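Contents: one structure, followed by commentary.
Fair warning: this is a prediction, and the values are worked out from it, not measured in the lab. Letters go in sequence order (proteins before strands), and every chain restarts at 1.
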Amino acid sequence: MAIVIDVQGLSFSFGSGALTQPVLKNITISIHTGEIVLMTGPSGSGKTTFLTIIGGLRQAHHGSVMVLDRQLINSTEQIKVSVRQQIGYIFQQHNLLKSLTALQNVSMTLEMQNSMTEQQRLEHSAEMLRAVGLGERLNYLPDQLSAGQRQRVSIARALVGQPKIVLADEPTASLDKQSGHEAVSILKRLAKESKTTILLVTHDYRILDIADRVVELEDGKIKNA
Amino acid sequence: MNGIAWFYFPARLAWRQLIFDRTKLIAATSGVLFACVLVFMQLGFRDSLYASAASAPVKLNGDLFLMHKQSEAMWRPVQFKRSELMRTLGHAAVAEVYPLYSALAPFKNIETQIKRTLMVYGLDPDSMIFDLTGLKNKQTELRLKDTVLFDEFSRPEFGPMRQLLMAGQHTTEINDYKVTVIGLFRLGVSFASDGNVITSDLNFMRIFPNRNVSDIDLGVIRLQPNTSIKQTQNELRSRLNESVNIFTYEELLEYEMNYWANIAPIGFIFGFGTVMGLVVGLVIVYQILFTDITNHRNEFATLKAMGYEHGYFVRVVFASAFFLAILGFIPGYFLSIFLYQLAESQTFMPMPMNISKVLTVFVFILSMCATAGLLAIRKLKSANPADMF
């Protein structure tokens with residue numbers, strides 16, 4: 001199986017000079033197409049930092065980070081933007097645009113693609129919302145949805161563009177057990193159908209069962225790679 | 001992104017975000033509306049000033065005009081010798097010349113006896129120096145001793161002259177000299193005078209005993225048909241004493257306008273008011289856009305993480321600025337029309353709303369909003385997704 005995320009000797013630190021705070025220390029990990037990897041670890045272990053580097057949101061300078069065959073270490077803004085466009089991101093908070101309906105929110109992902117007509121965008125988005133069980137809630141604003149429903153909208157938003165990789169940052173943190181599990185189950189089902197790779201950062205041990213592989217991060221190092 | 005999508009999508013997002021919070025939208029629109037009305041009023045007053053300042057010269061009927069070089073404007077003339085005007089008759093192209101006498105003088109309100117200053121013009125009744133219908137059919141009567149014509153468009157403080165005349169009351173005083181009002185004409189007030197009276201040159205001398213027939217305020221020259229005004233002007237200029245200016249009709253108007261725009265402080269005041277209106281509007285719109293970006297920082301960061309580029313957000317901000325400009329301008333325009341009418345009825349000065357003013361103000365408001373957008377965009381940089389999660 002092809003490797004979609006290949007990290008070799010990645011180190012990252014915040015601050016500079018005497019205040020340098022190393023966060024990631026010499027991390028090496030490879031993730032294959034279609035794999036669902038859960039990264040756990042205590043707060044401050046560098047999970048989110050790692051995720052933002054993979055997602056092209058944060059610039060790292062040491063080591064090698066190949067995502068979809070693009071080198072992200074010391075990369076240009078264009079490379080980062082093009083990587084971001086091929087990745088679906090699910091955030092800790094739902095981070096939906098509160099002035100847009102569920103359908104419009106999901107459709108935002110597709111607005112970056114010129115190949116579709118507006119009609120196709122809306123159809124795709126509606127289909128994806130039905131797949132996450134929100135077919136009845138297409139025209140609801142985020143404020144009119146429950147926390148679980150909102151997170152499902154954001155899952156739909158991450159997946160509708162058919163990304164090769166989905167990065168999720170503690171997607172269940174703000175959800176109760178049932179809706180949290182429901183959300184990640186949906187995520188897993190849809191990812192498996194489309195062979196999407198998932199890297200999910202969490203310290204929610206209730207959802208470990210969905211993973212193909214669990215990686216534990218502690219003090220910026222991988223414990224059982 | 002291609003063509004339409006390049007602007008349509010960010011504009012649509014901007015629109016959706018704007019209409020989502022109605023209260024804030026109304027507040028924002030009111031800010032723009034306020035700036036809009038402020039600018040409209042300043043420009044309106046300024047234009048009204050220029051228009052009314054020129055109300056008397058516009059009605060002048062002549063080809064060339066003589067004025068003392070020390071005269072800053074028609075309402076505060078420096079007299080020059082009538083012989084100077086007569087000298088121009090030596091030129092073959094000059095058909096006839098007429099002197100115009102003018103002076104400010106107190107006019108007694110027939111009803112209240114209160115005196116208020118207005119402009120008195122003295123002229124040869126047959127000369128038709130002023131192209132006014134009210135003057136045309138009173139030429140003979142105006143030759144009688146102590147008769148005057150009154151400007152119906154004068155401020156109401158001079159008394160309801162039309163009614164008074166119909167009631168048979170036509171005797172009053174100008175410069176403490178008893179005169180009879182024999183008719184009305186329509187000229188209009190200006191910043192210089194609240195009203196106007198026209199009388200014959202002889203009566204003018206009676207009203208102003210200190211004035212001399214040979215010292216005139218303005219010289220009006222009419223040329224033979226089919227002669228070049230420009231050429232005659234140049235030839236006359238070399239013959240005239242260098243203490244007088246010789247103007248064409250257009251030059252005289254321009255000279256008057258220039259006085260109010262540049263020499264009198266009033267032009268500056270309204271220009272300043274216009275700029276202040278725009279600055280206030282700029283600050284308001286900037287505040288709105290700035291808070292808007294701050295409020296949507298999270299959302300913008302999210303979109304950035306999804307792969308949207310910086311330029312997209314720049315367009316969102318500019319589209320917001322554009323929508324605010326439009327939304328504020330439309331009610332601002334209608335409110336201004338209403339206020340113009342109100343001001344017209346209070347000041348008795350013309351306040352026309354014309355297309356060029358509408359366009360000017362719209363361009364002002366638009367660039368004001370765009371500038372505010374430009375300033376607010378710096379805030380966008382802080383929407384860094386990596387710092388948010």
Atom group of A:L51 that falls short of 4.5 Å from chain B, counting heavy atoms: neither

- prompt: Side chains of A:Q78 and B:E309: do they bring a donor and an acceptor to under 3.5 Å?
  reply: no

message: For A:D204 and A:T172, which I'm curious about, is there any donor-acceptor pair between the side chains at under 3.5 Å?
response: yes

- prompt: Just by distance, with hydrogens left out, do A:Q104 and A:S107 show a side-chain donor and acceptor under 3.5 Å apart?
  reply: no

Part of residues 66-77 of chain A lying next to chain B, heavy-atom separation under 4.5 Å: none

- request: Identify which part of A:Q59 has an atom lying under 4.5 Å from any heavy atom of chain B, answering side chain, backbone, both or neither.
  value: neither

field: chain B contacts, top residue of A:E170, A:K80, A:R157, A:Q86 (heavy-atom pairs, under 4.5 Å)
entry: A:R157

query: Does B:F362 CZ have over 12 foreign heavy atoms under 6.0 Å away?
result: yes

- prompt: Any donor-acceptor pair under 3.5 Å linking the side chain of A:N105 with the backbone of A:L97?
  reply: yes

Heavy-atom contact with chain B under 4.5 Å, split by part of A:L100: side chain

statement: ring pair (Phe, Tyr, Trp, His ring centres under 6.0 Å) test vs B:F300 passes for just one of B:Y312, B:Y308, B:F313, namely B:F313

- request: Answer yes if the side chains of B:N258 and B:E256 hold a donor-acceptor pair under 3.5 Å, and no otherwise.
  value: no

query: CD of A:Q162: more than 12 outside heavy atoms within 6.0 angstrom?
result: no

query: So what's closer than 4.5 Å to chain B heavy atoms on A:K98: side chain, backbone, both or neither?
result: both

statement: Most contact-rich option vs chain A, by heavy-atom pairs under 4.5 angstrom, among B:M306, B:Q17, B:H296, is B:M306

field: Which atoms of B:I19 approach chain A - backbone, side chain, both or neither, heavy atom under 4.5 Å
entry: neither

- line: When the 4.5 angstrom heavy-atom criterion is applied to B:L18 and chain A, the contacting part is neither

- prompt: Looking at B:F9, is B:R12 sitting on its ring face, NZ or CZ under 6.0 Å from the six-membered ring centre and within 45 degrees of the normal?
  reply: no

statement: The reported gap from CG in B:L25 to CZ in B:F20 (rounded to nearest 0.5 angstrom) is 12.5 Å

